[in-house]
Amino acid sequence: MTRIVPPLRLGVNIDHVATVRNARGGALPDPVRAAQLACAAGADGITAHLREDRRHIRDADMRRLRETLLVPLNFEMAATEEMVALALELRPHACCLVPERREERTTEGGLDVIGGGIDLARKVERLAKAGIRVSLFVAPDEDQIARAADIGAAVIELHTGAWCDLLTEGKATEAATEFGRLVEAAGQGTRFGLEIHAGHGLDYRTAETIAGVTEVRELNIGHFLIGEAIFDGLEAAVRRMREAMAHGRAVAHPAAA
Ligand code: PXP
């Protein structure tokens with residue numbers, strides 16, 4: 001019998017096009033143009049993180065993305081009143097709530113959904129009531145995932161950063177353990193009724209591997225793709241990423257390929 005394996009979407013994060021733009025303070029390179037190219041090459045959605053310090057994406061970028069994109073926009077943001085108000089005004093397809101510390105270089109850990117208490121629950125509820133699909137960026141931790149389901153999130157995005165870092169450091173055993181936690185968390189989240197996404201630090205190889213986890217429905221990838229775009233062009237990098245994902249899915253489920 002042929003198994004039906006759910007498709008795997010690719011969300012391209014264009015934050016670091018804005019990082020390069022901001023290095024010179026002008027208008028180029030334009031992250032919205034990058035978003036359009038990524039879509040032309042097969043991205044299913046675009047992700048942008050409006051940080052509190054506006055170090056890359058700015059409010060005007062979010063507005064232009066919202067006005068011009070024909071694919072879903074995933075608005076990555078801290079769970080602050082300022083960002084919730086902006087999301088309620090912009091009404092993106094999805095909001096991914098992440099922890100944010102001004103001094104960090106990138107999102108370091110998963111969101112403390114339990115510690116967020118009633119305040120986080122109310123923010124999730126307000127966004128969801130406005131028709132926005134709410135995703136919580138979490139470490140592969142069952143208690144956090146259970147709480148995400150309890151407070152009404154539709155999606156969890158599993159933090160793949162620790163796994164990718166361990167692989168980069170050549171710590172194969174620890175990496176295998178962390179990957180096992182991600183696989184287990186994907187199963188737990190699905191059983192709690194959540195849609196499973198994954199992201200952070202992914203490259204062609206790790207995206208291919210995690211594509212083999214059937215419960216994962218979307219990968220959000222930025223830094224690596226924008227880096228590869230310097231050498232191969234953004235469209236080629238996005239196409240190659242799609243191929244890696246398709247290959248990972250097919251190898252893990254040969255009957256469904
Ligand atoms: N998903 C989330 C929630 C993130 O915070 C980030 C980083 O902005 C990404 C995905 C993309 O990570 P990377 O840029 O390492 O691919």
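When a ligand or atom number is given, it counts from 1 through the structure's own listing order. As the structure is a computational prediction, the values presented were derived from the model and not from experiment. Sequential numbering from 1 along the given sequence is applied to the chain's residues.
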Check each atom of ligand 1 against the heavy atoms of [X] and keep those under 4.0 Å away; list them by number with element.
X    : result
I221 : 16 (O)
F137 : 2 (C), 3 (C)
V98  : 3 (C)
N13  : 8 (O)

* **G201 N/O to ligand 1 N/O under 3.5 Å** =>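 N/O-N/O distance below 3.5 Å exists for this pair.
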* So is there a nitrogen or oxygen of G222 less than 3.5 Å from a nitrogen or oxygen in ligand 1? -> yes
* Asked: Salt-bridged, K123 to D119, with N to O below 4.0 Å?
  -> yes
* Asked: Quick one: do R205 and E208 make a salt bridge, cutoff under 4.0 Å?
  -> no
Considering heavy atoms of the protein only, find what lies nearest to [atom] and give residue, atom and distance to 0.1 Å.
atom                    : answer
atom 11 (C) of ligand 1 : N220 O, 3.8 Å
atom 5 (O) of ligand 1  : E76 OE2, 2.5 Å
atom 14 (O) of ligand 1 : H223 N, 2.8 Å

* Given H200, H197, H16, R51, which has its nearest heavy atom closest to atom 9 (C) of ligand 1? ->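 Ranked by closest heavy atom to atom 9 (C) of ligand 1, first place is H200.
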* Nearest-option assignment for atom 1 (N) of ligand 1, heavy atoms, candidates E157, H159, H49 -> E157
* Asked: Quick one: do I156 and F137 end up in the same hydrophobic cluster if we chain Ile, Leu, Val, Met, Phe, Trp and Tyr together by side-chain heavy atoms under 4.5 Å apart?
  ->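 No; F137 is not reachable from I156 via cluster members.
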* Asked: Once the angle between the rings of F224 and Y204 is folded into 0 to 90°, is it parallel (under 30°), tilted (30 to 60°) or perpendicular (over 60°)?
  -> perpendicular
Can I get a per-line list of side-chain donor-acceptor pairs under 3.5 Å for residues 79-90, giving both atom names and the distance, sequence neighbours left out?
from : atom 1 : to   : atom 2 : distance (Å)
T80  : OG1    : M83  : N      : 3.2
E81  : OE1    : R126 : NH1    : 3.1
E81  : OE2    : R126 : NH2    : 2.9
E82  : OE2    : R54  : NH1    : 3.4
E82  : OE2    : R54  : NH2    : 2.8
E89  : OE2    : R63  : NH1    : 2.6

* **N13 side chain to H223 backbone, donor-acceptor under 3.5 Å** => no
* Can a donor-acceptor pair be found between the side chains of E76 and H49 at a distance below 3.5 Å? ->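 Looking only at side-chain atoms, H49 and E76 do form a donor-acceptor pair, the distance falling under 3.5 Å.
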Please tabulate, one pair per line, all N/O donor-acceptor pairs under 3.5 Å involving side-chain atoms of residues 161-168, not counting sequence neighbours.
from : atom 1 : to   : atom 2 : distance (Å)
T168 : OG1    : C164 : O      : 2.9

